[in-house]
Amino acid sequence: MPGVKLLNLDHVAIAVTDLDAALESYRSRYQVEPLYRERVESQGVEEAMLPIGGSFIQLLQPLAWDTPVGKFLSKNGEGLHHVAYAVADIDEALAHLRAGGARLIDEQPRIGGRGARIAFVHPKDLAGTLIELVELGE
Ligand code: CMX
Ligand code: CO
């Protein structure tokens with residue numbers, strides 16, 4: 001079976017309590033402007049994507065406390081939440097990870113921000129890092 005080739009570090013995601021304040025701080029301190037901002041109900045977040053080189057910083061504000069990012073914030077406060085790698089074929093990547101015994105959170109891809117197909121791998125699977133795989137559309 002073919003392996004999983006990680007094409008790019010798509011984004012590093014940071015959980016924040018106040019998206020507007022975080023965006024303003026990135027703007028004033030680092031002169032970075034968001035390229036996208038959207039509400040992704042299925043993930044329980046409002047997110048903004050800040051382009052940096054060929055990757056993004058994803059700022060995540062939870063829509064409610066009983067969401068993955070809401071729970072993370074109550075437990076840890078603001079900070080690094082996950083890293084996301086771009087793959088060409090997310091179905092193939094998930095099949096390969098499943099066959100290798102990886103602890104998948106999503107058995108099937110879901111639709112995330114930018115209309116991309118995404119799936120998460122549990123932080124207990126590898127070095128305490130929540131990993132998101134992203135298959136970008138056209
Ligand atoms: N990074 C590293 N470790 C994490 C973590 C994170 N983001 N979130 C939880 N953990 C750890 C916890 O510290 C805990 O460890 P201990 O058992 O050692 O204390 C363990 O994982 C279980 O955590 P929990 O607080 O009980 O949290 P849950 O199991 O309820 O949920 C997770 C954790 C990863 C399964 C859940 O957050 C999830 O399903 N995430 C995927 C979806 C998501 O994050 N969506 C938002 C982003 C959307 C986007 O990027 O577009
Ligand atoms: Co993400």
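Read the numbers this way: they start at 1 and go in the same order the structure lists the ligands and their atoms.
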So, for [atom], does the protein have a heavy atom nearer than 4.0 Å?
atom	value
atom 26 (O) of ligand 1	no
atom 19 (O) of ligand 1	yes
atom 43 (C) of ligand 1	yes

For [atom], find the nearest protein heavy atom and state the residue, atom name and distance (0.1 Å precision).
atom	result
atom 7 (N) of ligand 1	His81 O, 2.9 Å
atom 37 (O) of ligand 1	Pro68 CB, 3.4 Å
atom 30 (O) of ligand 1	Lys71 NZ, 3.8 Å
atom 51 (O) of ligand 1	Glu47 OE1, 3.4 Å
atom 33 (C) of ligand 1	His122 NE2, 4.8 Å
atom 32 (C) of ligand 1	Ile105 CD1, 4.2 Å
atom 9 (C) of ligand 1	Pro123 CG, 4.3 Å
atom 14 (C) of ligand 1	Lys75 NZ, 3.4 Å

Validation row: [X], [Y] side chains within 4.5 angstrom (heavy atoms):
X	Y	value
Lys71	Trp65	no
Ile14	Gln58	no
Ile118	Ile111	no

Minimum-distance pair of heavy atoms, taken over all atoms of [X] and [Y]:
X	Y	value
Glu132	Val134	OE2-CG2, 3.7 Å
Ala88	Leu7	N-CD1, 3.6 Å
Gln43	Pro68	O-CD, 4.3 Å
Gly54	Asn8	O-ND2, 3.1 Å
Asp91	Pro109	OD1-CG, 3.6 Å

Using the Co ion (ligand 2) as the apex, give the angle to atoms NE2 (His11) and OE1 (Glu132), rounded to 10 degrees.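 So the angle at the metal works out to 90°.
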Using non-hydrogen atoms of the residue, decide whether Val69 is closer than 4.0 angstrom to ligand 1.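 In this structure, Val69 qualifies as a contact of ligand 1 - some heavy atom is under 4.0 Å.
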So for Gly128, does at least one of its heavy atoms come nearer than 4.0 angstrom to any atom of ligand 1?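 Yes, that is the case, since the closest heavy atom of the residue is under 4.0 Å from the ligand.
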Give the atom numbers and elements of ligand 1 that come within less than 4.0 Å of a heavy atom of Gln43.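 This gives 42 (C), 43 (C), 45 (N), 46 (C), 48 (C) as the contact atoms.
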Quiz item: cation-pi between Arg114 and Phe56, 6.0 Å / 45°: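 Satisfied, under 6.0 Å and within 45°.
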Between Arg37 and Asp20, is there a salt bridge with N-O shorter than 4.0 Å?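 Yes, this pair counts.
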Hey, are Glu47 and Arg39 close enough for a salt bridge, meaning a charged N less than 4.0 Å from a carboxylate O?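 No, Glu47 and Arg39 are not salt-bridged.
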Run down the list Arg110, Arg103, His82 and name the one with the heavy atom closest to atom 47 (C) of ligand 1.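 Looking at heavy atoms only, the winner is His82.
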Looking only at distance, does [X] have an N or O less than 3.5 Å from an N or O of ligand 1?
X	result
Lys124	yes
Thr129	no
His11	no
Gln58	yes

Mind checking whether the Co ion (ligand 2) has an N, O or S of Gln43 under 2.8 Å?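 Gln43 does not place any N, O or S atom closer than 2.8 Å to the Co ion (ligand 2).
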Could you confirm whether His82 has any N/O/S atom lying under 2.8 Å from the Co ion (ligand 2)?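 Checking the Co ion (ligand 2) against His82, an N, O or S atom does fall under 2.8 Å.
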Mark yes or no for whether Thr67, through its side chain, and Leu63, through its backbone, hold a donor-acceptor pair below 3.5 Å.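 Not confirmed, Thr67 side chain does not pair with Leu63 backbone.
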Between the side chains of Gln61 and Thr17, is a donor N or O closer than 3.5 angstrom to an acceptor N or O?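 Per modelled atom types, Gln61 and Thr17 side chains form no pair under 3.5 Å.
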